[in-house]
J.: 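A single structure is presented below for examination.
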Number of protein chains: 2
Amino acid sequence: MPSKKRVTVMRDVAKLAGVSHQTVSRVLNEHPNVKQETRTRVLEAMQSLNYRRNLAARTLVTRQSHTLGLIGFETTLFGPASMLYGIEDAARAAGYLVSIATVRNLERREVLEAVDRLSQHAVDGIIAIAPKPAVTNGLLQAPGGLYCVAVGGAGETDAVPTVRVDNAAGARLATQHLLGLGHRTVHHVGGPHDWPEAQERVMGWRDTLYEAGAVVPPVAFDSWTAEWGYRRGQELARDPEVTAVFCANDRIALGVLRALHEAGRPVPHEVSVVGFDDMPDSGYFLPPLTTVRQDFAELGRRSLTLLLQHMADTDEPEAPAHIVVTPELVVRGSTAPPPR
Amino acid sequence: MPSKKRVTVMRDVAKLAGVSHQTVSRVLNEHPNVKQETRTRVLEAMQSLNYRRNLAARTLVTRQSHTLGLIGFETTLFGPASMLYGIEDAARAAGYLVSIATVRNLERREVLEAVDRLSQHAVDGIIAIAPKPAVTNGLLQAPGGLYCVAVGGAGETDAVPTVRVDNAAGARLATQHLLGLGHRTVHHVGGPHDWPEAQERVMGWRDTLYEAGAVVPPVAFDSWTAEWGYRRGQELARDPEVTAVFCANDRIALGVLRALHEAGRPVPHEVSVVGFDDMPDSGYFLPPLTTVRQDFAELGRRSLTLLLQHMADTDEPEAPAHIVVTPELVVRGSTAPPPR
DNA sequence: ATCCAAATTGTGAACGCTAACAACAGCTAG
DNA sequence: CTAGCTGTTGTTAGCGTTCACAATTTGGAT
């Protein structure tokens with residue numbers, strides 16, 4: 001009963017326009033050698049038949065799907081979500097669709113699985129949000145002819161082109177800002193111990209303290225969560241020597257802020273706090289958070305550009321490029337000179 | 001010079017296994033009538049040749065891409081991002097890949113464009129994060145045979161299956177909680193005026209006040225941002241009658257919290273505040289936010305289930321299903337009985 | 001042994017598109 | 001007037017699968 005609805009195909013258009021299917025194809029692909037008159041005739045026919053090209057057929061013969069793969073992790077967080085947004089935006093502008101494959105944990109096996117899934121679907125390239133080396137390494141296993149780019153991790157691997165933020169520079173900015181305000185030293189609340197990004201931030205912070213001849217307090221690592229910041233914040237609040245805290249990200253800072261407040265140590269009058277990321281609402285924390293801004297969307301766009309560029313360089317497999325984006329300090333109300 | 005790397009195809013596997021290509025196909029698709037022995041022989045051949053099926057060819061003939069489309073809006077926010085996550089997770093489990101098409105603003109034209117893009121890529125179905133009617137309407141224009149589901153909007157349209165949260169019920173929960181604590185009435189800070197979700201929350205709140213015989217204060221609408229909450233919070237803080245504020249979402253609540261704090265009106269001792277959403281860090285606001293929790297990931301999963309189910313019901317185009325998920329109240333530290 | 005049904009395998013022919021080449025027009029130059 | 005170019009169009013042959021059907025084998029039951 002449900003009539004077999006035949007969809008219009010190239011041949012139908014060709015017949016209506018009185019040309020061969022190949023000419024239709026030429027019009028579709030903007031081949032130069034088509035007479036203006038025929039072109040319009042074909043276009044009209046397409047219009048009136050509401051023709052849409054079958055991309056599967058096209059992919060089959062050209063081996064190009066005009067689809068890009070995105071391997072993501074914890075895409076519910078602000079950072080990754082923004083990168084996804086930036087990537088998708090740029091991809092659409094370049095005529096690509098993006099397909100996503102999320103990994104639940106950053107194991108090599110999962111990454112390989114994601115690469116496999118994407119490559120079966122014939123993606124033309126892959127961008128991986130790759131905060132840990134396992135991802136970058138997994139990428140190397142991608143079948144030949146599949147271009148990959150890693151974004152947002154630390155800069156260890158050389159084999160895959162990467163786009164990343166200079167975390168150490170960001171940490172420097174934060175630390176220098178606090179030292180510049182007159183703090184004797186700066187404490188740090190670390191992220192997860194095994195994340196290169198967290199490590200780089202520690203290094204930038206530590207180096208800055210060294211150079212300034214300041215005491216380097218011990219660091220504790222755990223996670224990226226507010227809960228961790230709260231826990232660690234309670235400990236730091238007990239130590240009257242603590243007047244400045246640099247947190248590995250804004251969520252941790254939020255927890256620290258709460259802990260300090262509850263311990264009766266007003267921010268910024270007694271203790272200054274700096275975060276990292278600049279999430280959308282960090283400016284409305286109590287007090288508004290001074291933080292290091294990463295432009296995630298820009299990171300995403302840059303990675304896409306890099307991927308496309310890499311895909312275009314067919315013959316020259318030159319050394320993979322590495323783009324490093326420098327973050328900037330956003331000063332708000334959570335930092336001030338130390339008391340007295 | 002770069003040798004034309006021929007990828008292994010079904011015929012290669014067939015030759016190595018000493019069978020016809022069709023038998024290979026049967027093994028691949030788990031057709032029952034294949035002798036156990038041949039099956040293993042074929043599987044071994046696949047393994048040793050590292051064969052991957054070409055999905056484009058398969059799509060061409062079966063007209064099924066095993067890809068689902070997701071139309072998203074502002075995917076950088078926590079809600080949409082979580083839904084995306086839930087959807088992707090469930091989709092993978094069901095053997096589907098998810099392709100995304102973000103729209104920058106919720107206009108009909110943009111939605112149509114997104115549908116078109118996805119349908120050209122031969123997605124088998126579309127899930128739209130559809131907070132406004134324009135999206136749902138746009139979905140109706142999808143070419144025949146393309147199944148669509150809308151998630152997360154308000155429940156107006158009947159033509160498309162939907163999964164949504166009972167916003168009115170959530171607002172009721174919040175309002176009743178505050179009235180139950182002894183507040184004479186509850187003020188509300190609205191979201192964007194033209195979002196059905198924002199409207200539903202207003203209605204749930206208003207109805208509850210009516211039923212309790214409480215005064216219904218005026219509502220102001222603007223956006224979902226902390227900035228708006230801050231602005232509106234400053235106004236409310238000036239009114240000593242205000243002892244309870246229900247915010248259309250957690251971000252607004254964050255702004256309100258800051259405004260109240262700066263105005264010297266302690267929360268919850270003088271003023272109680274309730275949010276909506278339960279974002280990951282709401283429990284670490286100052287004070288920890290009492291809020292209405294929506295399980296976004298679950299919403300995503302449910303929508304995927306609904307879509308698959310809808311796709312399976314080939315013959316019976318029965319009335320579109322509407323799933324309504326009830327949110328729950330999470331009581332934290334931002335609510336207390338009114339002063340005195 | 002014989003025959004029928006079921007199980008297993010093989011053989012074209014699509015699917016809708018692009019690539020490669022052939023064919024034909026119109027034009028310029030000799 | 002003809003050779004040779006350029007611009008435009010048509011023809012044929014895949015791309016790698018699955019589908020429909022035919023062919024073959026197998027396994028009882030007669």
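Here is how names work: the chains are called A, B, and so on, in the same order as the sequence lines, proteins then strands, and each is numbered from 1.
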J.: Could you tell me the separation between the CZ atom of A:Arg58 and the C1' atom of D:dG16, rounded to a whole number of Å?
T.: 18 Å
J.: Of all the heavy-atom pairs spanning B:Gly72 and B:Ile129, show the shortest one and how long it is.
T.: CA-CB, 4.3 Å
J.: Check ring-ring contact (aromatic ring centres under 6.0 Å, His included) between B:His121 and all other residues, then give those that pass, not counting sequence neighbours.
T.: none
J.: Please list all pairs meeting side-chain hydrogen bond (donor to acceptor under 3.5 Å, both in side chains) that have one or both residues in residues 32-43 of chain A, counting only residues at least two apart or in different chains.
T.: none
J.: Just report the end-to-end axis angle for the helix from C:dA1-D:dT30 to C:dG30-D:dC1, five pairs per end, to 10 degrees.
T.: 50°
J.: Quick one: label B:Thr59 by what it contacts on the DNA or RNA (base, sugar-phosphate, nothing), any heavy atom closer than 4.0 Å.
T.: nothing
J.: Tell me which residues in residues 45-56 of chain A lie within less than 4.0 Å of DNA chain D, going by non-hydrogen atoms.
T.: none
J.: With sequence neighbours excluded, tell me which residues meet ring-ring contact (aromatic ring centres under 6.0 Å, His included) with A:Tyr85.
T.: none
J.: At a heavy-atom distance below 4.0 Å, what parts of residues 8-28 of chain B sit against DNA chain D?
T.: B:Val9, B:Met10, B:His21, B:Gln22, B:Ser25
J.: Which residue pairs satisfy the salt bridge (charged side-chain N to carboxylate O under 4.0 Å, His left out) criterion with at least one member in residues 295-306 of chain B, sequence neighbours excluded?
T.: B:Glu298-B:Arg301, B:Glu298-B:Arg302
J.: Can you name the ring-ring contact (aromatic ring centres under 6.0 Å, His included) partners of B:Tyr51, sequence neighbours left out?
T.: none
J.: Return the value, rounded to whole Å, for the distance between atom CD of A:Gln36 and atom C1' of D:dT9.
T.: 16 Å
J.: Once you round to the nearest 0.5 Å, how far does CG of B:Leu146 lie from CE of B:Met311?
T.: 9.5 Å
J.: Can you tell me if A:Ser65 uses its side chain to pair, donor with acceptor, with the backbone of A:Ala122 under 3.5 Å?
T.: yes
J.: If we ignore hydrogens and angles and just use 3.5 Å, is the side chain of B:Arg52 paired with the main-chain N or O of B:Val7 as donor and acceptor?
T.: no
J.: Taking the basic N atoms (NZ, or NE/NH1/NH2) and the acidic carboxylate oxygens, is any pair closer than 4.0 Å for A:Glu113 and A:Arg117?
T.: no
J.: Compare all side-chain heavy atoms of A:Leu28 with those of A:Met10 and state whether any distance is below 4.5 angstrom.
T.: yes
J.: Look at the aromatic rings of A:Phe78 and A:Phe296 and report parallel, tilted or perpendicular, splitting at 30° and 60°.
T.: perpendicular
J.: Going by ring pair (Phe, Tyr, Trp, His ring centres under 6.0 Å), name the pairs with one or both residues in residues 13-43 of chain A, residues two or more places apart or in two chains.
T.: none
J.: Between B:Val34 and B:Arg63, name the one whose nearest nucleotide on DNA chain C is closer to the 5' end.
T.: B:Val34
J.: According to salt bridge (charged side-chain N to carboxylate O under 4.0 Å, His left out), does anything in residues 25-34 of chain B pair up with another residue at least two apart or in another chain? List the pairs.
T.: none
J.: What is the 5' to 3' range of DNA chain C, first to last nucleotide, that sits under 4.0 Å from any heavy atom of chain B?
T.: C:dT8 to C:dG16
J.: So, B:Asp124 side chain and B:His66 main chain: donor-acceptor pair closer than 3.5 Å or not?
T.: yes
J.: D:dC21 C1' sits how many Å from B:Asn33 CG, rounded?
T.: 15 Å
J.: Look for any protein N or O under 3.5 Å of an N or O in nucleotides 26-28 of chain D and output each such pair with its distance, or none.
T.:
none

